[in-house]
Protein chains: 2
Amino acid sequence: MDELDSAIVRELQQDARQTNRALAHRLGVAPSTCLERVRLLHRRGVIRGYHADIDPAALNRRVEAFVSVQLRPPSRQVIEGFKAAMFALPQVMAVYVVAGEQDFLVHVSVPSLDALHSFLIDRLTQRREVAGFRSQIIYDSARKNVAAPLE
Amino acid sequence: MDELDSAIVRELQQDARQTNRALAHRLGVAPSTCLERVRLLHRRGVIRGYHADIDPAALNRRVEAFVSVQLRPPSRQVIEGFKAAMFALPQVMAVYVVAGEQDFLVHVSVPSLDALHSFLIDRLTQRREVAGFRSQIIYDSARKNVAAPLE
DNA sequence: ACTCGTGCCGAATAGTGTGCGGCTCCGGCG
DNA sequence: CGCCGGAGCCGCACACTATTCGGCACGAGT
């Protein structure tokens, strides 16, 4: 994981579809060298994949929210089951098992406020292990797609 | 945004680096047709970009957390300033402006628990507009990289 | 029936990915 | 000090790919 690897990672985070030649030229190395590095990064698990970034509105998802959920009892089995159930739902974009007052943070993405409400009462309230939840509608968000190594 | 467009979006969310030919063959259309569709999706803003998915551990980020922040006063100026300041920090992966008890949700990614603590006391406590915060360490997470249109 | 517009296709060309042999650099060791 | 071995980078050649463009088919409107 030297300077060249970091640079490759940085570039591919920003634009995963630039040609290998362009990437190599930008970093000042030969295409073959660059290709070999990229393949090693893949093999080592540093690069886990390449994904298109899609506008949620185009998929009819105009409302996003975080739902904090408290489970009862917070046992391994309950947590795993809930996590799997949530993740399987199309409205759910991400699931986080967290420490603190709440046990879960579920990132949901739905067409409308009505759909959010339906989701909450049909998919959460209905589940016995849900001891309580609180939802935070997202007004604005900014995600980073480039992360540098720390330290 | 017909069935073919949706299929293209689905495929490119899963693997943004597959060749146009492979994509076309998988969807049963000619490569030239497929290419034209992809370009239109780009132009329409449906496809916003292509990003490599990088293992955070490889970038020396072994601890992730959500930090909920309450601001004082929650005015537009304070919110915008805080958002920009947070987003500029390398430890911050995402910033969400939310409704509810808290005003912000900051997704941070750091090398260690010590680094998280340092971040909290050096970057948050220090800021005057921060009226309070609560951090939730992420034990486990699952993100989806494929989202289908809803309804 | 005719025309126009839209979208798809297939072929041709320019450009790209990929494997491989050889080169250079550098550290270890006699 | 000279030699050896390995690692990493390079450039070339070939197969494959992206991209452009003219043409065709289909459906709507007149």
Side-chain angles (χ1 to χ4, degrees), chain A residues 1-62 111 145-151, chain B residues 1-62 111 145-151:
Chain A
M1 206 57 200
D2 60 4
E3 187 47 47
L4 182 55
D5 282 333
S6 296
I8 289 175
V9 164
R10 185 179 352 108
E11 285 292 328
L12 288 182
Q13 276 184 114
Q14 280 178 326
D15 179 7
R17 265 210 144 180
Q18 59 185 306
T19 67
N20 183 55
R21 287 178 105 88
L23 181 58
H25 182 255
R26 203 175 299 221
L27 304 183
V29 295
S32 50
T33 302
C34 192
L35 186 67
E36 185 60 24
R37 289 295 194 116
V38 170
R39 272 147 73 157
L40 279 177
L41 287 170
H42 226 141
R43 204 164 309 152
R44 275 195 275 152
V46 174
I47 297 176
R48 297 194 289 202
Y50 305 96
H51 308 292
D53 177 22
I54 304 298
D55 179 11
L59 300 175
N60 194 26
R61 296 156 179 271
R62 285 167 188 84
N145 44 39
V146 50
L150 285 185
E151 265 164 275
Chain B
M1 203 63 198
D2 60 1
E3 188 46 51
L4 182 54
D5 283 334
S6 296
I8 289 175
V9 164
R10 185 177 353 106
E11 285 292 328
L12 288 183
Q13 276 184 111
Q14 281 177 324
D15 179 7
R17 268 212 142 179
Q18 59 185 305
T19 66
N20 183 56
R21 284 180 105 86
L23 181 60
H25 182 254
R26 204 176 297 220
L27 304 184
V29 295
S32 49
T33 302
C34 193
L35 185 68
E36 186 59 25
R37 290 295 194 115
V38 170
R39 273 147 72 158
L40 278 178
L41 287 169
H42 226 139
R43 204 164 310 152
R44 275 195 277 152
V46 174
I47 296 177
R48 299 194 288 200
Y50 306 96
H51 307 292
D53 176 22
I54 304 298
D55 180 10
L59 300 176
N60 195 26
R61 296 157 179 270
R62 286 167 188 82
N145 43 41
V146 50
L150 285 184
E151 258 163 277

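Side chains included, hydrogens not; waters and symmetry mates left out as well; all remaining heavy atoms used.
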Exercise for review: Kindly state each residue pair satisfying salt bridge (Lys or Arg N to Asp or Glu O under 4.0 Å) with at least one member in residues 18-34 of chain A, sequence neighbours excluded.
Suggested key: Glu11(A)-Arg26(A)

Practice item. For Glu151(B), enumerate each residue passing the salt bridge (charged side-chain N to carboxylate O under 4.0 Å, His left out) test, keeping only those at least two apart in sequence or located in another chain. Key: none

Check your understanding: Residues in side-chain hydrogen bond (donor to acceptor under 3.5 Å, both in side chains) with Asp55(A), at least two apart?
Key -> none

Exercise for review: Go through the structure and list residues passing ring-ring contact (aromatic ring centres under 6.0 Å, His included) with His42(A), not counting sequence neighbours.
Suggested key: Tyr50(A)

Review point. Under a 4.0 Å heavy-atom cut-off, which of residues 3-15 of chain B touch DNA chain D?
Key: none

Exercise for review: With a 4.0 angstrom cut-off to heavy atoms of chain B, pull out the first and last contacting nucleotide of DNA chain D, in 5'-to-3' order.
Suggested key: dT17(D) to dT20(D)

Check your understanding: Is any side-chain heavy atom of Leu59(A) closer than 4.5 Å to a side-chain heavy atom of Leu150(B)?
Key -> no

Review point. Which letter, B, S or -, goes with each nucleotide of nucleotides 9-27 of chain C from 5' to 3', with contact meaning a protein heavy atom under 4.0 Å?
Key: BB-----SBBB--------

Practice item. Can you measure from CD1 (Ile54(A)) to CG (Asn145(B)) and round to the nearest 0.5 angstrom? Key: 11.0 Å

Less than 3.5 Å apart, which donor and acceptor atoms pair up between the side chains of residues 29-38 of chain A and the rest of the protein, not counting sequence neighbours?
unit_1   : atom_1 : unit_2  : atom_2 : d
Arg37(A) : NH1    : Asp2(A) : OD1    : 3.0
Arg37(A) : NH1    : Asp2(A) : OD2    : 3.3
Arg37(A) : NH1    : Asp5(A) : OD1    : 3.0
Arg37(A) : NH1    : Asp5(A) : OD2    : 3.4
Arg37(A) : NH2    : Asp2(A) : OD2    : 3.0

Exercise for review: Ignoring hydrogens and angles, tell me if any N or O in the side chain of Arg17(B) forms a donor-acceptor pair with the backbone of His51(A) under 3.5 Å.
Suggested key: no

Check your understanding: Are any of Arg37(B)'s side-chain N or O atoms less than 4.0 Å away from OP1 or OP2 of dG7(C)?
Key -> no

Revision key, fill the gap. Applying salt bridge (charged side-chain N to carboxylate O under 4.0 Å, His left out) to Asp53(A) and not counting sequence neighbours gives Arg48(B)

Practice item. Give a yes or no on whether the backbone of Ala58(B) and the side-chain of Arg44(A) come within a donor-acceptor separation of less than 3.5 Å. Key: no

